[in-house]
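To start, the structure itself, in structure tokens.
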Amino acid sequence: MIQTDEHHSCNGTLKSHSDQKQQENNNLKNGYHRNEKVQKNGKGDGFHQPRVRGEDSFEEAPLYVAVLTYMGYGIVILFGYFRDFLRAVGLEKCHQAREREEQKDFVPLYQDFENFYKRNLYMRVRDNWNRPICSLPGPVFDVMERVSDDYNWTFRLTGRTVENVINMGSYNYLGFAENNVDFLKTVAEETRQYGVGVCSTRQELGNLSIHEKLEQLVAEFLGVESAMAFGMGFATNSMNIPALVGKGCLILSDELNHTSLILGARLSGATIRVFKHNNMQSLEKMLKEAICSGQPRTHRVWKKILIMVEGIYSMEGSLVRLPEILALKKKYKAYLYLDEAHSIGAVGPTGRGVIEHFGVDPKEVDVLMGTFTKSFGAAGGYIAGKKELVDYLRSHSHSAVYATAMSPPVVEQIIRAIKCIMGYDGTTEGQRRVRQLAENTRYFRSRLKEMGFIIYGNQDSPVVPLLLYLPGKVGAFSRAMLKRKIGVVVVGFPATPITEARARFCVSAAHTREMLDKVLQSLDELGDDIRVKFSRHRRSYRPELYDETDFELDS
Amino acid sequence: MASGQQWVLVEMVQAFYEAPAYHLILEGILILWIIRLLFSKTYKLQERSDLTEKEKEELIEEWQPEPLVPSVSKDHPSLNYDVVTGPPSHKIIVNGKECINFASFNFLGLLDNERVKLKALSSLKKYGVGTCGPRGFYGTFDVHLELEERLAKFMRTEEAIIYSYGFATIASAIPAYSKRGDIIFVDEAACFSIQKGLQASRSFIKYFKHNDMEDLERLLKEQEIEDQKNPRKARVIRRFIVVEGLYINTADICPLPELVKLKYKYKVRIFLEESMSFGVLGEHGRGVTEHFGVNIDDIDLISANMENAVASIGGFCCGRSFVIDHQRLSGQGYCFSASLPPMLATAAIEALNIMEEDPGIFRVLRDKCKHVHKALQGTPGLKVVGEPFAPALHLQLENSTGSRTNDLKLLRAIVDYSLDRQIALTLARYLEKEERFLPPPSIRVVVTVEQTQEEIEKAAQCIREAALKILK
């Protein structure tokens with residue numbers, strides 16, 4: 001097991017030069033010419049200078065697809081009602097867990113609709129999620145085979161594993177999810193010395209010296225004064241935003257922000273307004289309106305305005321319009337909270353996220369947030385910025401006071417990964433991976449476009465959503481891919497708009513060209529089989545769409 | 001009949017012809033007027049003070065936001081953390097001094113356990129560190145499934161679900177069930193993560209006095225009367241009681257049997273947070289339910305973290321599948337967060353193994369707790385707060401100086417005095433402005449099975465000296 005994995009990580013990390021590279025270059029160029037995109041900074045000379053942003057593409061589906069999608073949902077819902085009727089009269093067995101007899105007369109714990117969706121829609125395709133794996137989540141993994149004897153109500157593990165499935169689902173952008181003994185030497189040492197827990201909070205007696213070491217390294221990596229690390233990426237947002245803003249403050253939040261940002265905003269008690277995804281007119285209009293008319297009802301001036309955006313949006317693969325937002329932020333004296341969960345390590349010439357991608361001074365962004373879960377192959381998150389900001393968080397962050405500090409081995413894994421990216425380990429391995437990821441991303445994206453799939457997002461984003469639209473295709477796609485030994489992630493309503501179910505690929509530096517080619521070939525065949533090549537090479541108007549409906553969430 | 005109706009119609013048409021023109025015109029105008037009234041807005045929108053572009057620019061120019069964060073003074077008590085070098089196990093090096101640890105929640109001494117470490121290492125070798133994904137997207141590992149199964153078995157419930165962060169466990173579980181419009185009855189001493197869960201749920205929150213069942217029943221009765229007024233609405237309002245097993249803020253235990261009685265009397269569900277009591281109370285460490293001999297199925301949801309007794313990272317909820325399974329789609333901290341690193345899950349499994357193999361460990365802990373509780377009695381100027389069997393006690397000032405800052409300074413002086421004499425203690429930290437009911441300042445004293453008789457005597461002696469010296 002370990003042997004094979006090592007072998008794979010070698011494939012992923014060492015083989016890249018000479019002829020393969022040449023071929024790549026050609027492929028890339030072909031891709032760009034065909035898409036009529038001028039990309040002057042090739043992969044070799046693009047370093048240390050900001051790249052051209054490249055447009056986010058949001059190609060619109062043909063109208064008939066939307067109609068079919070709604071019909072698809074309509075049919076499933078009708079069937080759902082019919083089967084609920086059958087269940088009610090006892091013609092169909094109901095597998096759902098029941099309330100205890102003793103508590104039958106309590107107020108029902110769940111609302112009907114929620115259960116209807118789960119029972120009649122989710123159950124049909126439930127096997128495509130939560131697939132258990134039993135190996136390293138590297139470029140390939142082993143999926144545990146499971147079967148259902150009752151139409152997905154319960155699963156039974158057969159004890160067999162599907163080995164060497166190509167992993168297109170994990171956020172292993174730089175391939176740091178690895179188990180090479182040499183790489184993990186320091187992590188193992190820390191485990192031996194510290195154990196895995198801490199049993200105290202940072203403010204009490206859980207502030208280990210390695211936590212401080214990590215924080216200094218993160219600050220140095222990002223080029224800011226100070227940083228603080230937290231044990232969970234989700235909680236980094238939800239437990240620190242309330243420390244920054246409160247009543248009388250305004251949060252302007254991108255409509256596609258992650259749940260953790262939304263939860264943090266809601267917990268803060270600030271007023272939340274949502275602007276259209278990456279739409280600068282919408283944002284500017286809201287900023288202007290907010291400053292001119294102040295708080296609702298009282299018309300007091302806002303205490304502060306915080307713009308919350310993400311670097312790479314995890315479901316769309318689009319990049320934030322950072323330069324424009326910085327200009328607006330300066331003009332209107334707002335603060336900027338940038339969540340780099342998916343972008344840190346994954347974009348930028350040396351892996352320092354969207355900040356570096358756009359050639360922006362990191363000090364211009366007020367709050368830099370990111371996670372260690374993805375590119376660094378660990379767990380947790382950070383907030384970085386000015387010393388005052390981080391000092392304030394040290395004394396006021398919910399996480400610092402009430403949550404157990406980070407596990408020492410996890411801390412060491414992050415330190416090791418960052419050192420590797422920064423070249424502090426004395427090798428160019430980290431930089432090679434960053435470059436490899438950029439190459440893989442462009443290759444994968446351009447090939448998919450050529451094949452005629454509708455792909456969302458920016459050309460440099462390793463998050464690649466492939467639109468499937470119809471609910472029936474979601475399950476079929478995922479199952480057929482697994483049959484071809486490729487693990488993909490599919491998402492549908494409610495994680496996406498109801499008509500935009502999709503598959504999402506996460507490209508990794510550890511993917512070899514052979515793996516990507518195998519995936520691409522399978523996609524090409526499957527795309528024809530189940531007819532999901534919807535693209536008509538037509539530019540979408542969606543990002544430019546300017547909708548006036550901005551709505552206010554209550555706090 | 002039919003002919004009669006026809007006659008009326010004919011008459012109407014005739015009348016229309018016979019009517020004078022002015023009449024028809026007037027009626028026509030009236031009809032148009034009615035249509036206009038129907039379709040026009042019946043009220044005027046609030047006059048908008050249309051600002052000119054220039055005025056707007058001036059306003060934008062003038063507006064000065066508050067700084068993003070207020071500045072924190074360099075000597076802020078919660079800014080300068082104590083630095084621990086090396087593992088925070090039984091012996092701990094705080095600010096360069098080796099001490100005996102009376103501050104980390106390592107109740108069973110599993111943090112430094114060789115077996116746990118070895119298992120974690122072998123897991124590291126196989127899985128690496130991170131999972132690189134949430135549970136839904138290939139972040140479910142065989143060890144997660146095993147841990148869930150083991151926890152369910154350990155607690156003797158149908159199902160368990162693990163979270164990757166202790167704090168997020170109950171904070172995600174509460175809003176998964178309780179929504180806007182629902183009612184939660186909660187103890188005033190509830191810990192901060194419960195408070196955040198309540199806030200995220202946006203439900204209607206009713207606080208009852210700490211461990212005061214009469215006060216709770218009063219609130220429940222009030223609600224009953226309210227329900228009778230509007231029985232229709234009452235049928236859809238879910239109600240929950242949220243309590244802690246052992247309260248982290250007060251170190252005392254909830255009266256679970258009474259709560260269960262109230263549960264059935266008023267048809268309220270009970271959520272129980274057991275971070276301090278899981279792996280501590282009961283003959284097999286199953287917590288408060290085992291301590292009181294309450295049927296665990298009578299509790300709708302039990303949550304605990306694996307960061308104290310289990311000495312790993314993360315948390316879990318357990319209960320009946322009917323309840324727990326819902327979180328797999330609705331628990332935000334479960335669905336939207338990367339899953340627990342496999343090596344931490346493996347460590348937790350091994351910790352459970354140890355707990356199952358040797359239930360005697362819980363009796364040892366209980367004896368130590370009683371011992372510490374007794375040894376700390378009679379410390380001049382300080383009172384011991386908490387049950388004799390609680391592993392994390394509080395030492396509070398008998399007489400407050402009247403100012404929280406000064407109280408904290410005094411207590412901090414006692415902590416520093418003890419640190420100098422190799423006893424590691426810590427102040428219990430709170431966010432003073434954020435807590436709903438701020439507990440009084442206190443020193444935390446944590447009992448672990450590793451502390452020897454002499455060490456406990458030494459610590460008690462040291463605290464006594466410090467109190468004598470500092471609290472004159």
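Note that these values count all heavy atoms, side chains included, but never hydrogens, waters or copies made by symmetry. Here the structure is a predicted model, which means the values were calculated and not measured. Order of the sequence lines fixes the chain letters, A, B, ..., with proteins taken first and strands second; residue numbering starts at 1 for each chain.
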- Query: Is there side-chain contact between B/P341 and A/V410, with at least one heavy-atom pair below 4.5 Å?
  - Reply: yes
- Task: With a 4.5 angstrom heavy-atom cut-off, could you sort out which part of B/A168 is near chain A: side chain, backbone, both or neither?
- Result: side chain
- Within-4.5 Å side-chain heavy-atom neighbours: B/Q199 and A/R266: no
- side chain to side chain contact (heavy atoms under 4.5 Å, CB included) between B/Y81 and A/T201: does it pass, once the steps are laid out? CA-CA 10 Å; B/Y81 297 171; A/T201 66; over 6 Å; no
- Query: Taking A/E212, A/K386, A/R202 one by one, which has the highest count of heavy-atom pairs under 4.5 Å against chain B?
  - Reply: A/R202
- Query: Are the side chain of B/D82 and the backbone of A/L205 linked by a donor-acceptor contact shorter than 3.5 Å?
  - Reply: no
- Query: Between A/S200 and B/T426, does a side chain to side chain contact (heavy atoms under 4.5 Å, CB included) hold up when you go through it step by step?
  - Reply: CA-CA 10 Å; A/S200 191; B/T426 181; 5.6 Å; no
- Side chains of A/L109 and B/F322: closer than 4.5 Å at any heavy-atom pair? yes
- Heavy-atom donor-acceptor pair, A/K304 side chain to B/L68 backbone, under 3.5 Å: yes
- What part of B/S330 is in contact with chain A, defined as an atom under 4.5 angstrom from a non-hydrogen atom: side chain, backbone, both or neither? side chain
- Could you check which of A/L267, A/T371, A/T373, A/V301 has the highest count of heavy-atom pairs closer than 4.5 Å to chain B? A/L267
- Item | Aromatic contact, B/Y138 with A/F141 (centres under 6.0 Å) | yes
- Task: Of all the heavy-atom pairs spanning B/N308 and A/C199, show the shortest one and how long it is.
- Result: O-SG, 3.7 Å
- Top of A/P408, A/A379, A/A177, A/S407 for chain B proximity - count of heavy-atom pairs under 4.5 angstrom: A/S407
- B/E435/A/V401 under side chain to side chain contact (heavy atoms under 4.5 Å, CB included): CA gap, chis, key distance, verdict: CA-CA 12 Å; B/E435 285 276 357; A/V401 188; over 6 Å; no
- Item | Gap between atom CG of B/L124 and atom CD of A/Q413 - 0.5 Å precision | 8.0 Å
- Identify which of A/F372, A/Y173, A/Y335 forms the greatest number of heavy-atom pairs closer than 4.5 Å to chain B. A/Y335
- B/K117 NZ: over 12 foreign heavy atoms closer than 6.0 Å: yes
- Task: For A/M239 and B/F192, run side chain to side chain contact (heavy atoms under 4.5 Å, CB included): C-alpha distance rounded to whole Å, both residues' side-chain angles, the deciding distance at 0.1 Å, then the answer.
- Result: CA-CA 11 Å; A/M239 293 165 83; B/F192 198 72; over 6 Å; no
- Message: Does A/K104, at its NZ atom, have more than 12 non-hydrogen atoms belonging to other residues, nucleotides or ligands within less than 6.0 Å?
- Response: yes
- Message: Checking B/T140 now: which residues fulfil side chain to side chain donor-acceptor pair (under 3.5 Å) with it, not counting sequence neighbours?
- Response: B/R135
- Message: Over 60° means perpendicular and under 30° means parallel, so tell me whether B/H326 and A/Y110 are parallel, tilted or perpendicular.
- Response: tilted
- Task: Check whether B/V72 gets within reach of chain A through its side chain, its backbone, both or neither, counting any heavy atom under 4.5 Å.
- Result: side chain
- Within a strict 4.5 Å, meaning less than it, do heavy atoms of the B/L431 and A/Y402 side chains meet? yes
- Side chains of A/Q103 and B/R269: closer than 4.5 Å at any heavy-atom pair? yes
- B/S164 versus A/M232, closest heavy-atom pair with distance: OG-CE, 3.7 Å
- Message: So does B/R429 get a backbone contact from the side chain of A/E204, meaning a donor-acceptor N/O pair under 3.5 Å?
- Response: yes
- Query: From A/M406 CE over to B/Y165 OH, what is the distance, rounded to the nearest 0.5 angstrom?
  - Reply: 9.0 Å
- Query: Out of A/G169, A/S260, A/A378, which one racks up the most heavy-atom pairs below 4.5 Å with chain B?
  - Reply: A/A378
- Heavy-atom proximity to chain A below 4.5 Å, by part of B/F240: side chain
- Task: Drop me the distance from B/Y127's OH to A/L136's CG, to the nearest 0.5 angstrom.
- Result: 10.0 Å
- Query: Which region of A/D105, side chain (C-beta onward) or backbone (N, CA, C, O), has a non-hydrogen atom less than 4.5 Å from a non-hydrogen atom of chain B, or is it both or neither?
  - Reply: both
- Message: Just to verify, which of B/E57, B/E55, B/E53 counts as forming a salt bridge (Lys or Arg N to Asp or Glu O under 4.0 Å) with A/K288?
- Response: B/E53
- Heavy-atom distance under 4.5 Å to chain A: side chain of B/E61, backbone, both or neither? backbone
- Over all atoms of both residues, closest heavy-atom pair of A/Q193 and B/G86: NE2-CA, 3.9 Å
- Message: Would the distance check show the side chain of B/W63 and the main-chain N or O of A/W302 forming a donor-acceptor pair, the cut-off being under 3.5 Å?
- Response: yes
- Query: Given that the side chain runs from C-beta out, which part of B/P70 has a heavy atom under 4.5 Å from chain A: side chain, backbone, both or neither?
  - Reply: both
- Item | Contacting moiety of A/A417, where chain B heavy atoms sit under 4.5 Å | neither
- Spacing of SG belonging to A/C134 relative to CG belonging to B/D142, to within rounding of 0.5 Å: 5.5 Å
- How long is the span from the OG atom in B/S172 to the CG atom in A/L263, to the nearest 0.5 Å? 7.5 Å
- Per-residue contact mode, A/S375 against chain B (heavy atom under 4.5 angstrom): neither
- Query: To the nearest 0.5 Å, how far apart are CD1 in A/I305 and CD in B/E66?
  - Reply: 12.0 Å
- Query: Could A/R98 and B/E158 be called an ion pair, given the rule that one side-chain N must be under 4.0 Å from one carboxylate O?
  - Reply: no
- Item | Student check: side-chain heavy atoms of A/L244 and B/V69 closer than 4.5 Å | yes
- Task: Would you name the heavy atoms of A/V107 and B/R235 that are closest together and state the gap between them?
- Result: CG1-O, 3.4 Å
- Note on the structure: When the 4.5 angstrom heavy-atom criterion is applied to A/K374 and chain B, the contacting part is backbone
- Message: Check this for me, if you would: do A/R100 and B/D300 make a salt bridge, where the nitrogen-to-carboxylate-oxygen distance has to be below 4.0 angstrom?
- Response: no
- Task: Identify the two heavy atoms, one from B/F137 and one from A/V490, that lie closest to each other, and give their separation to 0.1 Å.
- Result: CE2-O, 4.3 Å
- Answer whether the closest heavy-atom distance between the side chains of B/K263 and A/F106 falls below 4.5 Å. yes
- Message: Between A/H211 and chain B, with a heavy-atom cut-off of 4.5 Å, which part of the residue counts as in contact: side chain, backbone, both or neither?
- Response: neither
- Contact class of A/M144 relative to chain B, heavy atoms under 4.5 angstrom: side chain
- Could you check if a side-chain atom of B/P88 sits within less than 4.5 angstrom of a side-chain atom of A/L208, using non-hydrogen atoms only? yes
- Message: Need one label for B/K196: side chain, backbone, both or neither, based on atoms under 4.5 Å from any heavy atom in chain A.
- Response: both
- Item | Max heavy-atom pair count under 4.5 Å with chain B, selected residue of A/Y194, A/F234, A/W129 | A/Y194
- Is there a donor-acceptor pair closer than 3.5 Å between any side-chain N or O of B/K126 and the backbone N or O of A/N179? no
- Item | Proximal component of B/A234, with respect to chain A [non-hydrogen, under 4.5 Å] | backbone
- Message: Which atoms of B/L425 are under 4.5 Å from chain A, going by heavy atoms: the side chain, the backbone, both sets, or neither?
- Response: backbone
